[in-house]
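Notes follow once the structure below has been shown.
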Amino acid sequence: MAETQVASTGWGGEVWLSSDATEGNLEELVEVRSFTPGNPTAERVETTTLKAAGRRRTYTKGLIDTGEAQIVLNARRGSDTYVMLKAALTAAGERYVRFNYPELGVLTWQQDVMGEVTAIDEGEVTPDGNMELTVTLSLGEVIADIAYVAP
């Protein structure tokens, strides 16, 4: 199979967050500057016995941790996005999250996961700097990892 991907920037990427665990209530986060999706890791559980072949340790696959996502946004306190994120932090519980990935400015891939807002770093206010906030999402179940489907 021939590779079809070309080098690209992240311009045009999107992050959407639901007010609950359903896809129907997704709202786009506005003024997203960047996002880092979770980095999944799988545990290796040692299963070595006293008679392991060749005196080699043996392992089996353990639990998978989907990781944490970081989303950096331009901060404007009181905006709809700000209010939604603060409410998500206060309410706790998992909610539906969608990451849309671009290729040359055109959305081509989406990943839907369950996630919980676990932290909001409201950044620093300086006279000559851009005000940003960083949202941390603890990610859970991956619902879909598919070609982009327009809403």
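Note: hydrogens, waters and symmetry copies are ignored here, and every other heavy atom, side chains too, is used.
- Between Glu124 and Met131 the shortest side-chain heavy-atom distance does not fall below 4.5 Å.
- Between the CG atom in Leu133 and the CD1 atom in Ile71 there is a gap of 10.0 Å [rounded to 0.5 Å].
- Atom-to-atom distance recorded for Met114:CE and Leu139:CG is 10.5 Å, nearest 0.5 angstrom.
- Minimum interatomic distance between Thr108 and Glu103 (heavy atoms only, all atoms of both residues): CG2-CB, 3.7 Å.
- The hydrophobic clustering, which links ILVMFWY residues whose side-chain heavy atoms are closer than 4.5 Å, places Val72 and Ile120 apart.
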Worksheet item: Run the side chain to side chain contact (heavy atoms under 4.5 Å, CB included) check on Leu73 and Leu85 step by step: do they pass?
Response: CA-CA 11 Å; Leu73 304 98; Leu85 290 168; 4.1 Å; yes
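- Defined by atom type and a distance below 3.5 Å, a donor-acceptor pair is present between the side-chain atoms of Thr47 and Thr58.
- Residue pairs satisfying the side chain to side chain donor-acceptor pair (under 3.5 Å) criterion with at least one member in residues 127-136, sequence neighbours excluded, are listed as follows: Arg33-Glu132, Gln70-Thr136, Asn74-Asn130.
- No donor-acceptor pair closer than 3.5 Å links the side chain of Gln111 to the backbone N or O of Arg98.
- Screening residues 87-96 for side chain to side chain donor-acceptor pair (under 3.5 Å), with sequence neighbours left out, gives Tyr96-Asp112.
- In terms of heavy-atom proximity, Ala119 sits nearest to Leu89 at N-CD1, 3.8 Å.
- A distance of 12.0 Å separates CD of Glu141 from CD1 of Ile64, quoted to the nearest 0.5 Å.
- The CG atom of Asn39 sits 11.0 Å away from the OG1 atom of Thr66 when rounded to the nearest 0.5 Å.
- Asp80 CG: 12 or fewer foreign heavy atoms inside a 6.0 Å radius.
- In the hydrophobic clustering of this structure, Met84 does not group with Val30; members are Ile, Leu, Val, Met, Phe, Trp, Tyr whose side-chain heavy atoms approach within less than 4.5 Å, directly or through other members.
- The side chain to side chain contact (heavy atoms under 4.5 Å, CB included) check on Tyr59 picks up Arg44, Glu46, Arg57, with sequence neighbours excluded.
- A donor-acceptor pair under 3.5 Å is absent between the side-chain atoms of Thr60 and the main chain of Val45, judged by distance alone.
- Considering only heavy atoms from C-beta on, Glu68 stays 4.5 Å or farther from Glu116 through its side chain.
- Looking at Ser79, its side chain does come within 3.5 Å of a backbone N or O of Tyr82 through a donor-acceptor pair.
- Annotation for Ser18 and Thr22: closest pair OG-O, 2.8 Å, computed over non-hydrogen atoms.
- Here CG of Leu50 is found 12.5 Å from CZ of Arg55. Values are rounded to the nearest 0.5 Å.
- Taken from CG in Leu17 to OG1 in Thr81, the straight-line distance is 9.5 Å, to the nearest 0.5 Å.
- Following chains of ILVMFWY side-chain contacts shorter than 4.5 Å, one cannot reach Leu107 starting from Leu26, and the two form parts of different hydrophobic clusters.
- Only one option out of Val117, Ile143, Leu29, Leu137 pairs with Val97 in a side chain to side chain contact (heavy atoms under 4.5 Å, CB included); it is Leu137.
- Contact between Pro102 and Gly10 at its shortest, heavy atoms only, is CG-O, 3.4 Å.
- Here the options are Phe35, Tyr148, Trp109, Trp11, the test is ring pair (Phe, Tyr, Trp, His ring centres under 6.0 Å), and the partner is Tyr101; only Phe35 passes.
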